[in-house]
Amino acid sequence: MIFVFDGIDGCGKSTHAKHAFDYVVSRGYDAVLLKEPTTESPAGIALKEALESGKRPSPEEELRLFIEDRKWDVENRIIPALQKGEIVVLDRYYYSTVAYQGARGMDAEKIMEMNSFAPKPDIGFILDIDPEIAMERIKRRKNADYFEELEYLKKVREIFLSMKGLPEVVIIDSSGDKRDVEVQIKGFIDRVL
Ligand code: TYD
């Protein structure tokens, strides 16, 4: 089983991914908590370095790197965990590639198709929040222009919200109380388990 937590930076996905992981473990399941981009594959390392330096590759090159990193993750961590019968909880997955690289002008449908090698989640939680609130929550990235980043995140959010028609996707308002969000997430997880 795969549960994914995704959304714009500052939406709280990492917190809720960790809570969901702790919850399934507390219910007696074997589970693993994974994060993308990875810090292990050559592509993942290249991406982290690019993000930290503030020098982003071209949209095409960036898309290629995220897909290559995901192929590594699927082959080396996700499939082996599923084969061991573990529940995989993911902090970001291909919804991020569709939204973030889509917002850089790449075709969202094509990006989805390019990810068809990746096992489909049982639930893809997309935590939704106003980008201005999200940006207040997180420290601004070094070298980033506030308005440029805000405009970019608005586009990313729009693409995330356009995924509401996907059968496995659940969009959750993440602007309110953290515990309310957690209760909602547990409800969905309970139903699937
Ligand atoms: P992440 O490591 O989640 O950020 P943080 O440093 O806040 O923990 O992700 C790093 C950035 O990579 C984030 O801005 C989203 C972006 N990203 C993409 O553009 N495409 C993708 O496919 C993924 C997985 C992430």
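Residues take their numbers from the sequence shown, with the count starting at 1. Remember, predicted model here, so these are calculated numbers, not experimental data. When a ligand or atom number is given, it counts from 1 through the structure's own listing order.
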Does the pair [X]/[Y] count as a salt bridge with the N-to-O cut at 4.0 Å?
| X | Y | result |
| --- | --- | --- |
| Glu52 | Lys48 | no |
| Glu49 | Lys55 | no |
| Lys154 | Glu151 | yes |

Proximity to ligand 1 by part of Leu47, non-hydrogen separation under 4.0 Å: neither
Which segment of Lys48 sits under 4.0 Å of ligand 1 when only heavy atoms are counted: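 Just the side chain.
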Contact summary for Ala134 and Asp9, nearest pair of heavy atoms: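 Shortest heavy-atom separation between Ala134 and Asp9 comes out as CB-O, 3.3 Å.
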Exercise: identify the closest heavy-atom pair between Val25 and Ala31: CG2-CB, 4.0 Å
Under 3.5 Å between some N or O of ligand 1 and some N or O of [X]?
| X | value |
| --- | --- |
| Thr97 | yes |
| Gln101 | yes |
| Lys35 | yes |

Connected via hydrophobic side-chain network under 4.5 Å: Leu153 and Met163: yes
Ile123 reachable from Leu166 in the ILVMFWY side-chain graph, under 4.5 Å edges: no
At less than 4.0 angstrom from any non-hydrogen atom of [X], what atoms of ligand 1 do you find?
| X | answer |
| --- | --- |
| Lys13 | 3 (O) |
| Arg70 | 22 (O), 24 (C) |
| Asp9 | 13 (C), 14 (O) |
| Leu51 | 10 (C), 11 (C), 12 (O) |

Phe188 and Phe125 aromatic ring geometry - parallel, tilted or perpendicular at 30°/60° bounds: perpendicular
Proximal candidate to atom 12 (O) of ligand 1 [heavy atom criterion; set Phe5, Phe66, Tyr94, Tyr93]: Phe66
Glu62 to ligand 1, any heavy atom closer than 4.0 Å: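 Glu62 does not count as a contact of ligand 1 under the 4.0 Å cut-off.
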